[in-house]
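Just so you know, residue 1 is the first one in the sequence shown, and it goes up from there.
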Amino acid sequence: MERIKNIWFDGGRINMLTRSGLTFSRPLEAFPELKDASTAERNDYSVSADGEDIRWECLDADIHVSSFFVSGEPDYDNQVARIFARFPWIDASEVAKAMGISKSLMDKYIYGMAVPPPQRMEKLKETLHAMGRELVTA
């Protein structure tokens, strides 16, 4: 298995250099905690002694070296992204909380880095409808 030697950020991506000299790159959308973080927070990391993990204590976030081997780029033209683009005042983190999922997972759905299974998509729609009904009674 490859081991992490160094990481750096540029152009909306996290890049990794391995101890064997290979370079890998992933979009920050794959790691919403890092996408939402400040430059100072992103740069406040440590690589484990065995070189398999990166830890951001201040963000309570971890990435395993294997995360860099996954391919896939953001797809902003997806059903979840279109919902939140159509209604930009809806707070995605509050919707995630109401659904019982993490903000990070909701962000991955919005960025198109993960696709919600049909049951979860239905739950998203039900949650939004319930919020709408509650707003009407306010």
Do Asp44 and Leu59 have side chains that get closer than 4.5 Å, going by heavy atoms? no
Which atom of Ala114 lies closest to which atom of Pro116, heavy atoms considered: O-CD, 3.9 Å
Would you call Asp77 and Arg82 a salt bridge, taking side-chain N to carboxylate O under 4.0 Å as the test? yes
Under 3.5 Å: donor-acceptor pair, side chain of Asn6, backbone of Met16: no
Please confirm whether the backbone N or O of Val70 pairs with a side-chain atom of Arg26, one donor and one acceptor, at under 3.5 Å? yes
Keeping Trp56 on the side-chain end and Arg42 on the backbone end, is there a donor-acceptor pair under 3.5 Å? yes
Testing the basics here: between Phe68 and Asn15, what is the closest heavy-atom pair and its distance to 0.1 Å? CE2-C, 4.3 Å
Treating Ile, Leu, Val, Met, Phe, Trp and Tyr as nodes and any side-chain heavy-atom pair under 4.5 angstrom as an edge, say whether Ile110 and Phe87 lie in one connected cluster. yes
Are Glu126 and Lys123 ion-paired here, with the side-chain N under 4.0 Å from a carboxylate O? no
When rounded to the nearest 0.5 angstrom, what distance separates CD1 in Ile101 from NZ in Lys108? 11.5 Å
dist His129:NE2 -> Leu124:CG (nearest 0.5 Å) comes out at 9.0 Å
Are the charged groups of Glu73 and Arg13 less than 4.0 angstrom apart, N to O? yes
Dump the intermediate steps for side chain to side chain donor-acceptor pair (under 3.5 Å) on Ser104 and Ser102, then the final yes or no. CA-CA 5 Å; Ser104 176; Ser102 68; 4.8 Å; no
Side-chain ion pair, Arg55 and Glu57, N-O less than 4.0 Å: yes
The remaining residues in the hydrophobic cluster of Leu17, counting side-chain heavy-atom contacts under 4.5 Å among Ile, Leu, Val, Met, Phe, Trp and Tyr, are Trp8
Single-linkage hydrophobic cluster Leu105~Phe31, side-chain heavy atoms < 4.5 angstrom: no
Could you go through Lys35 and Asp107, starting from their C-alpha distance and side-chain angles, then the distance that decides it, and tell me whether this counts as side-chain contact (heavy atoms from CB on, under 4.5 Å)? CA-CA 10 Å; Lys35 182 169 178 47; Asp107 287 343; over 6 Å; no
May I ask you to decide whether Arg19 forms a salt bridge with Glu2, counting only side-chain N to carboxylate O separations under 4.0 Å? no
Work out which heavy atom in Met106 is nearest to a heavy atom in Ala96; give both atom names and the distance. CB-CB, 3.8 Å
Point-to-point distance, once rounded to the nearest 0.5 Å, from CD of Glu41 to CG of Leu34: 9.5 Å
Can you list the steps and then say if Ile4 with Ile54 is a side-chain contact (heavy atoms from CB on, under 4.5 Å)? CA-CA 8 Å; Ile4 302 163; Ile54 310 163; 3.5 Å; yes
Assign the ring pair Tyr111 / Tyr76 to parallel, tilted or perpendicular, where the plane angle (0 to 90°) is split at 30° and 60°. perpendicular
Could you state whether Trp89 and Leu135 fall into the same hydrophobic cluster, counting links through intermediate Ile, Leu, Val, Met, Phe, Trp or Tyr residues with side-chain heavy atoms under 4.5 angstrom apart? no
Could you go step by step and tell me if Ile14 and Leu28 meet the side-chain contact (heavy atoms from CB on, under 4.5 Å) rule? CA-CA 6 Å; Ile14 180 173; Leu28 287 177; 4.1 Å; yes
Distance, nearest 0.5 Å, that separates NZ of Lys5 from OG1 of Thr23: 10.0 Å
Working to the nearest 0.5 angstrom, can you tell me the gap between Phe84 CZ and Leu128 CG? 5.5 Å
Is a side-chain donor or acceptor of Thr127 paired with a backbone partner of Met99 at a separation under 3.5 angstrom? no
Taking the side chain as every heavy atom from C-beta outward, state whether Ile83 and Met121 have any pair of such atoms under 4.5 Å apart. yes
I need the minimum non-hydrogen distance between Glu94 and Met131, along with the two atoms involved. O-CE, 3.9 Å
Which heavy atom of Ala30 sits nearest a heavy atom of Met113, and at what distance? CB-CE, 3.7 Å
Could you give the distance from OH (Tyr45) to CG (Asn43), rounded to the nearest 0.5 Å? 7.0 Å
Using the rule given for side-chain contact (heavy atoms from CB on, under 4.5 Å), can you reason through Asp36 versus Lys103, listing the C-alpha separation, both sets of side-chain angles and the distance that settles it, and then say yes or no? CA-CA 11 Å; Asp36 294 341; Lys103 177 188 181 307; 2.8 Å; yes
Of all heavy-atom pairs linking Val115 and Tyr109, the shortest is C-CE2, 3.8 Å
